[in-house]
K.L.:
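Below you'll find the structure I mean.
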There are 2 protein chains.
Amino acid sequence: MAKKVPYRTYLPEEKIPKYWYNLRADIKNKPYPLLNPATLKPVTAEELYPVFTKATVEQELDNDTRYFEIPEPVRELYKVYRPSPLIRAYNLEKHLDTPARIYYKFEGNNTSGSHKLNSAIAQAYYAKAEGFSGLTTETGAGQWGTALSEACSYFGLPLTVYMVKVSYNQKPFRKTVMQVFGTDVIASPSDTTQVGRMLLEKDPDSNGSLGCAISEAVEKAVTSQNMRYALGSVLNQVLLHQSVIGLECKEAMEMLDEYPDIIIGCAGGGSNLGGLIAPFMQDKLTGKANPRIVAVEPASCPSFTRGRYAYDFCDTGRITPMAKMYTLGCGFMPSPNHAGGLRYHGMAPMLSQLYHDGYMEAVAVEQSKVFAAAVLFSKVETVLPAPESAHAICAAIDEAIKCRESGEAKTILFGLSGTGYFDLTAYNEFLSGKMTDYIPTDEELQKGFDSLPKIE
Amino acid sequence: MAKKVPYRTYLPEEKIPKYWYNLRADIKNKPYPLLNPATLKPVTAEELYPVFTKATVEQELDNDTRYFEIPEPVRELYKVYRPSPLIRAYNLEKHLDTPARIYYKFEGNNTSGSHKLNSAIAQAYYAKAEGFSGLTTETGAGQWGTALSEACSYFGLPLTVYMVKVSYNQKPFRKTVMQVFGTDVIASPSDTTQVGRMLLEKDPDSNGSLGCAISEAVEKAVTSQNMRYALGSVLNQVLLHQSVIGLECKEAMEMLDEYPDIIIGCAGGGSNLGGLIAPFMQDKLTGKANPRIVAVEPASCPSFTRGRYAYDFCDTGRITPMAKMYTLGCGFMPSPNHAGGLRYHGMAPMLSQLYHDGYMEAVAVEQSKVFAAAVLFSKVETVLPAPESAHAICAAIDEAIKCRESGEAKTILFGLSGTGYFDLTAYNEFLSGKMTDYIPTDEELQKGFDSLPKIE
């Protein structure tokens, strides 16, 4: 029987994890390695060094080391906004009249507004420590660009962000926040790279794409004297850094004599989900516990539920290494009416393998239902969620309603990865009744699959 | 000697105050009463009942009761976002190379983004408990309207917000957030009130003003069958509710063996400042301690530092009772180039009396300096402050620099009343070098003083 728990549980500062947990060490079927598209052989550390920092390349390729020490300067900055609260959603429970106990781990409590800061700090720190003169990255909706801006600013490291031009124009406030941190924000495609100039020559009015922005950011890093590139999701290193979410969460639940029956996270590239579930998945892999683990993705971009488990490029520009993952094909483009985030065609290789092996479930939800859940949640819990995070809320509500129907008092944990202050255009679309749903047809998905590299 | 303190100190949930503290009970020279402008006599409870709820009228007029019990449903909702953290600004200290210990109480940790929620919840609760069918209010920049929307939504109470038309058009995201909570947001002037229709007849393209929005909200409340009006600052009742800020703050500092030498708060109408300083001012009034208490206001709207202590209307529309306060005159309009918030012509009567009696200091700062402080703060502390709050940051930085110069390790406490996610247009203006400062000339101030009611 659980104790009477407070609304918000904060671990003391000294409980901020001292180590990141590398879930791969406990996975029997390791995720497939990244492949060099030219040779179709696993990429080596030497091949990755020109792109990433040395420390993160080593983390990327290490399937065996269980714990990586968190460098002290990283932990110092974690202290400014961590431990993040574990919140008991009493008001949501009451509203739903459910016997379920609902908890959420809230990661939106910093200027970047999302969990992305956990990995941004690590990547910025290593770049600074290894003597690089700057980082580059790309950003779409802007959470990652904002987080890396904040981290780079703290460590005094120049940052160039290639922001997809349509977002650059439609989300001017996101751009301003990055500029507050001194970041050089460039609308992509731009004339600062060869690939950008080529694209602009073909189509001077191009709105850009995440694929193009990745290409520009990587080109800028590898062609500059002393710069490196940082990525905010998908990669093993990112999921490693994000394990602080789950580690704190598990410790706080133990303090409350609680353990989740169901763990729910939204899934785009997998950074939030991978971090949240890490120590609980460890329990599952080692037979200590058997919680249900549920990934929630948009019905308009359903990589887990309707994708293929195949080698694919990580970007639509086909310049990155290939990863074996659940994917809709790097040529798949989610419908432009999709406002709810999580629009990545693939899924982190580590999570893909776990899903493939039956350790996780996945559900796909339509965006109008996601926004309805977001509005309900705002009203009762005083947090305005990012649309991405609202996918997890939506699934948690569904599970809590099932508990009401069955009378079971399950413990539900979900990740609230970020706030929605920069997504109010989408909220407005929903409130004014203009939001439509979109589920790709089998034919549309087939077009995406046709873009998969032919290597198998 | 102080203990080594964590970055963030959270009181346990049970330490959320059970009573609001009424500072007036400990003030020797009580604030002057509100006057009925028709009779020039102190307003009575009976005169206020048609406008406000019964409970808040009693709180408004009570100069003697030291503690008011916080109703349990109010405290339940406080638990969702309180206790708010007391943060040691180690990174700011390091950046400034100061021996000062800098603390801030962060009140932006909820969807409304500011401390305004503390009083909004109380006012919404009383309206619901007394059986009213709805509340009305006005909002300018939007913090108050958002907070009251959130509170009314929680208690299931309909809310109508009159939003100054220029903000309605320029801050569409603020409007959307209020709509998320189900609020009826009306651009003011509107055709829903007599005063609005009159104004529109004269000037169909009117941009509106806070004065007009107040008039519309009050008219709507008093002419409706069963509605009341709520106000977010200036009034005694609001400062009473906001005392939770200071009470939590003092308790957390005691836990850390700390006591502030200097307490700094931004001052518009006085709600945040009055709440933050309440228990520290009590110590000062009762001789237990003697901290310096500093109000920070914009140089473009300097009611404390250049205003008159006089009876004045609370609104530019001259329909409210008159309050004796430091004021620039209800006809004073801050320059349109002023982006930094805190644009109210007057100051809470209670704070005015304390300032008049020498218990507080006041400083005025220019907005470009305020935004420079805000950007610096964002970079080192991972919180993007509201421009209002950045006034306090700016003064705290000045005090910390004085400590560096004198070598004194003073303890500085300031209030960080809210976040700046809806103020990015102003940040952008600052970053792009387009922000200009404005200090009204003596002649301009004289015009404001000429608008003071002639009663003394």
K.L.:
Ignoring hydrogens, what is the shortest heavy-atom contact between A/Q143 and A/T139? Give both atom names and the distance.
P.N.:
N-OG1, 4.2 Å
K.L.:
Where on B/Y10 is there a heavy atom nearer than 4.5 Å to chain A: the side chain, the backbone, both, or neither?
P.N.:
side chain
K.L.:
Over all heavy atoms of both residues, which pair between B/P6 and B/L256 is shortest? Give the atoms and the distance, please.
P.N.:
CD-CD2, 4.1 Å
K.L.:
Can you pull out the residues in residues 414-427 of chain A with any heavy atom less than 4.5 Å from chain B?
P.N.:
A/Y421, A/F422, A/L424, A/T425, A/Y427
K.L.:
Given a strict heavy-atom distance threshold of 4.5 Å, which part of A/E13 is in contact with chain B: side chain, backbone, both, or neither?
P.N.:
side chain
K.L.:
So which of B/S153, B/A89, B/G182, B/P12 has the largest heavy-atom pair count under 4.5 angstrom toward chain A?
P.N.:
B/S153
K.L.:
How about residues 71-86 of chain B versus chain A: which residues have heavy atoms under 4.5 Å apart?
P.N.:
B/E76, B/L77, B/K79, B/V80, B/Y81
K.L.:
Name the member of A/V180, A/V380, A/I87, A/V383 that forms the most heavy-atom pairs with chain B at distances under 4.5 Å.
P.N.:
A/V180
K.L.:
Judged by atom type as modelled, is there a donor-acceptor pair below 3.5 Å linking the side chain of A/E381 to the main-chain atoms of A/N91?
P.N.:
yes
K.L.:
Return yes if some donor-acceptor pair links the side-chain N/O of A/T382 with the main-chain N/O of B/N110 below 3.5 Å, else return no.
P.N.:
no
K.L.:
Under 4.5 Å between any side-chain heavy atoms of B/Q367 and B/H391, yes or no?
P.N.:
no
K.L.:
What heavy-atom pair brings B/S149 and B/T183 nearest, and what distance separates the two atoms?
P.N.:
OG-OG1, 2.8 Å
K.L.:
Do you know which of A/L384, A/N428, A/N109, A/T111 has the most heavy-atom pairs under 4.5 Å to chain B?
P.N.:
A/T111
K.L.:
Report which part of B/L431 has an atom under 4.5 Å of a heavy atom belonging to chain A: side chain, backbone, both, or neither.
P.N.:
side chain
K.L.:
Could you tell me whether A/R88 sits above the aromatic face of A/Y7, with NZ or CZ closer than 6.0 angstrom to the six-membered ring centre and within 45 degrees of the axis?
P.N.:
no
K.L.:
Is the side chain of A/T137 donor-acceptor paired with the backbone N or O of A/A230 at a distance under 3.5 Å, no angle test?
P.N.:
yes
K.L.:
Kindly say whether B/K116 contributes a backbone atom to a donor-acceptor pair with the side chain of B/S114 at under 3.5 angstrom?
P.N.:
yes
K.L.:
Could you walk me through whether B/V161 and B/T146 satisfy the side chain to side chain contact (heavy atoms under 4.5 Å, CB included) test, starting with their C-alpha distance in whole Å, then the side-chain angles of each, then the deciding distance to 0.1 Å, before giving a yes or no?
P.N.:
CA-CA 9 Å; B/V161 170; B/T146 305; over 6 Å; no
K.L.:
So A/N118 and A/Q242, side-chain hydrogen bond (donor to acceptor under 3.5 Å, both in side chains) or not? Walk me through it.
P.N.:
CA-CA 6 Å; A/N118 300 323; A/Q242 294 295 354; 2.9 Å; yes
K.L.:
Check step by step if side chain to side chain contact (heavy atoms under 4.5 Å, CB included) holds for B/V177 and B/F181.
P.N.:
CA-CA 7 Å; B/V177 173; B/F181 294 108; 3.9 Å; yes
